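Read through the structure below, which is laid out as structure tokens, and then see the notes.
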Amino acid sequence: MDIDMSVDICGIKLKNPVIAASGTFGFGREHAGFIDINKLGGISVKGLTLKPRMGNRPPRVAETPAGMLNSVGLQNPGVHYFIENELPFLRQHTAAVIANIAGNTIDEYCEMTEILSDADIDAIELNVSCPNVREGCIAFGTTPAGITEITQQVKRYAKKPLIVKLTPNVSSIADTAAAAESAGADAVSLINTLLGMAIDVETRRPVLANNTGGLSGPAVKPVAVRMVYEVSRTVKIPVIGMGGIFCGNDAVEFMLAGADAVMVGTANMIYPDACIKVCMGIEQYVRKLGYSRAADITGSLEMN
Amino acid sequence: MSKHMTNIITGIAEIAEGIFRMRISSGYISANAKPGQFVNIKCCEGNDALLRRPISICSVDRPGDTYDIVFQKKGGGTGMLAGKKPGDRIDVLGPLGNSFDTGARHRRIAVVGGGIGVFPLLFVLDDSRAIVRRSYLGFRTSKLVVLENEFRFRSSSLEIATDDGSYGTKGFAPDILRRDISVEDFDMIYACGPEPMLRKVSQLAGEHNIECQISLEQRMGCGFGTCLACACKTANGEDGWKYSHVCKDGPVFNSRSIIFD
């Protein structure tokens, strides 16, 4: 029997629940050299800013136990360049395109949302939680009031579904998720990276030139699963779960905890075919359980 | 085009203290790799060394369908790689990055290498059709001197320098290059090694108006251009600069385009 892998996330029909996470898949070109990117449910593109951004000084990456820290700092060619030069390539493929955006001010988020609402994209993901840039950005994402303010403002300009990406660097992610929902978010995605630091004991300096960076990879998965569980019990809008997903069963954990779809991030950098393997693994699990639809496993966790 | 594949190790030997030469079977990489390119290796299954380790290709044996890498055992990842045996399988992305220009118009070349940066230069010498080929290699100390015979066999002349003077000339490879550069009429210099060395070589090449290609190192995430971690400063327009990426725009750059901080 064929398993129906498709999922519906706030009106976007994805052919399967696996989305490449922002910042780990560029604009799809590099991975397209290794895999058929038509097999992905969606692609959340490298975080876009209104103007091109240089990014942070190197080193920008440090390996840590079962994880990595990054402080790329949103290096990107800007939203206009994306629409003119990268989006047409993505649109030759069938994966849904999610535009991940970050701004220095609420006005910038609104302007980008207005621009992207007229572009051929499927959804906008608000990055209000990048830990690697000094200005704005994370400030909006760390309090329910900040989330409410930015979501309400941006929503006025959004003609596309609005996904708010939540940071784990808060005392209650259920509270920030609830704030996003009541301010008009169509979905939430979580978790962004955990703020971390690695130190070179020889030089007595942080490994990253930016001193701190965002932790991702298998090390963050239990934290992420717990947060997805809390958020999915709190909000009614769709939840996209991510954090250290490397295989099908990792993704299944998130779906059982309540995720309607998942994003694969760090794994893309190590295994170019990670998203495809994750998708196959989810399908195998659904088949083994005798369900006909991938969506059937969402939230089917039984608590002890 | 680079591919994601499983390769089989056919040989491994410790050629100097903590320096390992590994021979790996792959018809695809041996046929397609160019000097300066690298492979990105997953040193173990699972999460112990999560990221791949980028290692430059030292030589290829096209009839034999193998390629060689040489690496220094530094930490967990390269430690696990050093423990591999012939017959073991490794997960490889490659060949990655751009390459040195070894075109036939370069007739009089110098290769300048430092420490573990010397290895891709062997591949340069294999590929080059130059008539005059002078090699200048620097190492910290005598017991870290590696591949001396391989370089000697492929070069018109070979000069070795050690920081402590325990082998060859005391000092640094660029200092010996400086001695020769005004009389040799080089039309290309290839360099790979630590940043201070590259800076000196670039400066010398600039002073003598000689084309110079240098291979850079930087901490990498993916190795194939998607994560943008391995940034390096390059010239952009008149006085400007931008961040290029070592894995995709490099690792080989024209020395004039690099801005050393």
Side-chain angles (χ1 to χ4, degrees), chain A residues 20-35 45-47 52-77 198 200 207-209 213 216-219 221 244 246-247 265-274 276, chain B residues 1-6 40-54 74-78 80 91-97 195 216-234 236 240-250 258-261:
Chain A
S22 178
T24 64
F25 211 82
F27 302 110
R29 290 185 193 273
E30 290 79 20
H31 281 82
F34 292 101
I35 59 163
V45 304
K46 173 69 190 169
R53 251 188 98 95
M54 299 266 231
N56 291 332
R57 268 192 307 134
R60 295 176 171 183
V61 64
E63 190 176 81
T64 57
M68 58 170 277
L69 290 169
N70 91 81
S71 66
V72 172
L74 289 174
Q75 179 171 10
N76 82 96
D200 182 332
V207 177
L208 299 174
S216 64
K221 197 187 79 178
F246 269 61
C247 66
T266 304
N268 291 321
M269 297 167 41
I270 300 156
Y271 303 105
D273 59 353
I276 292 172
Chain B
M1 200 183 89
S2 49
K3 286 190 176 180
H4 182 195
M5 60 197 127
T6 302
N40 213 2
I41 298 178
K42 187 77 173 88
C43 296
C44 66
E45 284 181 28
N47 302 333
D48 279 348
L50 187 68
L51 298 174
R52 290 173 183 271
R53 299 296 188 263
K74 267 194 219 157
T78 46
M80 281 184 274
D91 180 323
V92 175
L93 292 180
L96 294 165
E195 195 176 304
L216 297 188
E217 262 204 320
Q218 184 50 263
R219 281 176 187 265
M220 279 185 194
C222 66
F224 54 93
T226 199
C227 77
L228 309 182
C230 54
C232 64
K233 252 186 193 178
T234 56
N236 187 22
W241 62 273
K242 62 177 179 177
Y243 279 128
S244 295
H245 295 93
V246 172
C247 75
K248 192 151 187 240
D249 306 311
I258 292 296
I259 297 170
F260 294 101
D261 274 328

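Being a predicted model, the structure only gives us computed values, none of them experimental. Just so it is clear: chains get the letters A, B, ... in the order the sequence lines come, proteins before strands, and each one is counted from 1.
Side-chain contact between B:His4 and A:Asp273 is present, with at least one heavy-atom pair separated by less than 4.5 Å. A:Glu30 places a side-chain heavy atom less than 4.5 Å from the side chain of B:Lys248. With contacts defined as side-chain heavy-atom distances shorter than 4.5 Å, the pair B:Leu93/A:Pro272 qualifies. The closest side-chain heavy-atom distance from A:Phe246 to B:Leu50 is below 4.5 Å. Taking 4.5 Å as the limit, some side-chain heavy atom of A:Tyr271 sits within range of a side-chain heavy atom of B:Arg52. Counting only heavy atoms from C-beta outward, the side chains of B:Arg53 and A:Glu63 approach each other to under 4.5 Å. Using a 4.5 Å heavy-atom threshold, the side chains of A:Arg60 and B:His245 count as touching. Residues B:Leu228 and A:Asn76 form no side-chain contact, since every pair of their non-hydrogen atoms from C-beta on lies 4.5 Å or further apart.
In terms of heavy-atom proximity, A:Pro58 sits nearest to B:Ala231 at CG-O, 3.2 Å. Nearest heavy atom pair, residue B:Arg219 against residue A:Pro59, reads CD-CB, 3.7 Å.
With a 4.5 Å cut-off on non-hydrogen atoms, A:Phe27 does not touch chain B at all. With a threshold of 4.5 angstrom between heavy atoms, A:Thr64 does not approach chain B through any atom at all. For A:Arg57, the parts sitting under 4.5 Å from any heavy atom of chain B are the backbone and the side chain alike. With a 4.5 Å cut-off on non-hydrogen atoms, B:Lys233 does not touch chain A at all. Only the side chain of B:Lys42 comes within less than 4.5 Å of a heavy atom of chain A; its backbone N, CA, C and O stay farther away. Neither the backbone nor the side chain of B:Asp261 comes within less than 4.5 Å of any heavy atom of chain A.
The aromatic rings of A:Phe34 and B:Phe224 stand perpendicular to each other, their planes meeting at an angle above 60°, with 30° marking the opposite boundary.
With rounding to the nearest 0.5 Å, the separation of CD in A:Gln75 from SG in B:Cys227 is 10.5 Å.
Side-chain atoms of B:Thr226 come within 3.5 Å of backbone N or O of A:Gly26 as a donor-acceptor pair.
Contact count versus chain A (heavy atoms, under 4.5 Å) is highest, among B:Cys222, B:Cys232, B:Gly46, for B:Cys222.
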Check against side chain to side chain contact (heavy atoms under 4.5 Å, CB included), B:Asn40 and A:Ile270: CA-CA 9 Å; B:Asn40 213 2; A:Ile270 300 156; over 6 Å; no
